[in-house]
Amino acid sequence: MTKEKVLVIGASGQIGVELTLALRKIYGNANVVASDLREENELLKGSGPYVSLDVMNKEMLHVQVIRQNITQIYLLAAILSATGEKNPNLAWHLNMQGLLNVLDIAREEKLHKVYWPSSIAVFGPTSPKKNCPQRTIIEPSTVYGISKYAGEFWCNYFFGRYGVDVRSIRYPGLISYKSAPGGGTTDYAVEIFHDALEDGKYSCFLQEDTYLPMMYMPDAIRATIELMEAPSDRLTVRTSYNVAGMSFSPKEIAAEITQHIPGFTIDYKPDYRQNIANSWPESIDDSVAGADWGWKPEYDLARMTKDMLTNLR
Ligand code: NAD
Ligand code: AKB
């Protein structure tokens, strides 16, 4: 069997840090190359190789893939929903061209596997709000959602036409304590923990009754690894899989935090991100991921809150 050598692009980001560390446990530290535009995250330092890399520079990316004998790429570099609405052209450019660069190189170099995350942001105001199914009306209203939906079909195309084994998950909003989120609409669900511990209060940019699909990072990392390790012939979806973790509103997470930090208060000052949140489903049906590769989340709101507070403290 050929030894796997993995390149993680966007390794200093919210998911990248934890995913890189998890992949290093599987493949060995030396066999997982972390890369990013920004400097190496503190938590990655000393744990394995790091290269500075711009995914938009296809030539340099190609050189790295050949030089390092890369067999798998995890592409995490992207502009998320809230930042994307501030600069739609840049978001489209990075999210699309970055993916096409990776898919082209994967085809040319016959990489074993590629991972590229999509998002629940592909769904739009006309999609079902509750238990949004794998296959349904999908009319995204953010540039981020449009780029993710187009990206899903590029993945499907490269798999069907060139046999590139590219796999994808539509992550919900991700909650983590190790690395900070990078400009999404669901970021409030991370900020709230930091402010609760530091100030005992939080001012939320979404309304109290805004329900969104969310997931705790350990579940997201496990989902990613389980999908990437699943036998190819089990996978019936080559666009991107729905996965669910939990669904809650700002009011509900605030009530859960109050159980651990009595006296914690929250107020609501909705901004432009409210419109983005309103366009997304409240909860996700992930039965296809369950049937194809056995996906099952472990963390609910209560367990995630307890774990977040314990670790942040
Ligand atoms: P993030 O913003 O925290 O990290 C992205 C990383 O990519 C950053 O470290 C950034 O410096 C790097 N990057 C940006 N431009 C680059 C370039 N040109 N070349 C190389 N690196 C570059 O994002 P994240 O939350 O870790 O998200 C990773 C992926 O998961 C993205 O595709 C995102 O859309 C998707 N996703 C995230 C969430 C979530 O809640 N975090 C939910 C759904 C989907
Ligand atoms: C965002 O809010 O943009 C991300 C996502 C759900 O894709 N967290």
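Ligands are counted one by one from 1 in listed order, and the atoms in each one are counted from 1 as well.
Counting the atoms of ligand 1 from 1 in the order shown, those under 4.0 Å from a heavy atom of Leu53 are 19 (N), 20 (C). Close approach of ligand 1 to Gly182 (heavy-atom distance below 4.0 Å) involves ligand atoms 2 (O), 3 (O). Taking every non-hydrogen atom of Pro172 and a distance limit under 4.0 Å, the qualifying atoms of ligand 1 come out as 40 (O), 42 (C), 43 (C). Shown in contact with Tyr144 at under 4.0 Å from a heavy atom are these atoms of ligand 2, numbered in order with element: 3 (O), 5 (C), 7 (O). Of all atoms in ligand 1, numbered sequentially from 1 with element shown, those under 4.0 Å from a heavy atom of Ser118 are 43 (C), 44 (C). The distance from ligand 1 to the heavy atoms of Asp54 drops below 4.0 Å at these ligand atoms: 17 (C), 18 (N), 19 (N). Counting the atoms of ligand 1 from 1 in the order shown, those under 4.0 Å from a heavy atom of Ser119 are 43 (C), 44 (C). Heavy-atom contacts of Leu80 reach the following atoms of ligand 2: 3 (O), 4 (C) (cutoff under 4.0 Å). Every atom of ligand 2 is numbered from 1 in the order shown, and the set under 4.0 Å from a heavy atom of Ser81 is 1 (C), 2 (O), 3 (O). Which parts of ligand 1 touch Lys148 is read off a 4.0 Å heavy-atom cut-off, strictly below it: atoms 31 (C), 32 (O), 33 (C), 34 (O).
Note on ring orientation: taking the six-membered ring where Trp is involved, the planes of Tyr74 and Tyr115 are tilted (angle from 30° to 60°). By the 30° and 60° cut-offs, the orientation of the rings of Trp293 relative to Trp295 is tilted. Aromatic ring orientation, Phe205 versus Tyr188: perpendicular (interplanar angle above 60°, classes split at 30° and 60°).
A side chain to side chain contact (heavy atoms under 4.5 Å, CB included) with Pro49 is found for one member of Lys5, Gln68, Arg24 and no other, namely Arg24. When each of Met304, Met217, Gln14 is checked for a side chain to side chain contact (heavy atoms under 4.5 Å, CB included) with Ile175, only Met304 meets the rule.
Protein heavy atom in closest approach to atom 5 (C) of ligand 2: Ser119 OG, 3.5 Å. Taking atom 8 (N) of ligand 2 as the reference point, the nearest protein heavy-atom neighbour is Thr186 OG1, 2.8 Å. Closest to atom 31 (C) of ligand 1, if we only count protein heavy atoms, is Leu76 O, 3.4 Å. With hydrogens left out, the protein atom closest to atom 40 (O) of ligand 1 is Leu174 N, 2.9 Å, a heavy atom. For atom 13 (N) of ligand 1, the nearest non-hydrogen atom of the protein is Ala77 CB, 3.7 Å. The protein non-hydrogen atom at the shortest distance from atom 3 (O) of ligand 1 is Gln14 N, 2.8 Å. Ranking the protein heavy atoms by distance from atom 37 (C) of ligand 1 puts Ile15 CD1, 3.7 Å first. Of the protein's non-hydrogen atoms, Gly13 CA, 3.2 Å is the one closest to atom 4 (O) of ligand 1. Among all protein heavy atoms, the one lying closest to atom 11 (O) of ligand 1 is Asp36 OD1, 2.6 Å. Among all protein heavy atoms, the one lying closest to atom 23 (O) of ligand 1 is Leu80 CD1, 3.6 Å.
Checked by atom type and distance alone, the side chain of Asp219 never pairs as donor or acceptor with a backbone atom of Met215 at under 3.5 Å. In this structure, the side chain of Thr136 does not engage the main chain of Ser127 through any donor-acceptor pair within 3.5 Å. Remark: the backbone N or O of Trp116 is paired with a side-chain donor or acceptor of Ser168 at under 3.5 angstrom.
Only the side chain of Leu94 comes within 4.0 Å of ligand 1, judged by heavy-atom distances. Heavy atoms of Asn95 found under 4.0 angstrom from ligand 1: none, in either backbone or side chain.
In terms of N/O distances under 3.5 Å, ligand 2 is not approached by Trp280. Looking at Thr185 next to ligand 2, an N or O pair under 3.5 Å apart turns up. Considering backbone and side-chain atoms together, Tyr144 places an N or O closer than 3.5 Å to an N or O of ligand 1. Looking at Val55 next to ligand 1, an N or O pair under 3.5 Å apart turns up.
Aromatic pair Tyr149/Phe153: ring centres closer than 6.0 Å.
Contact annotation: Gly173 has at least one heavy atom less than 4.0 Å from an atom of ligand 1.
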Salt bridge (Lys or Arg N to Asp or Glu O under 4.0 Å) between Asp104 and Lys58, intermediate numbers included: CA-CA 9 Å; Asp104 265 343; Lys58 190 176 176 186; 3.0 Å; yes

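Geometrically, Arg303 engages Tyr299 in a cation-pi contact, judged by NZ or CZ lying under 6.0 Å from the ring centre and within 45° of the ring axis.
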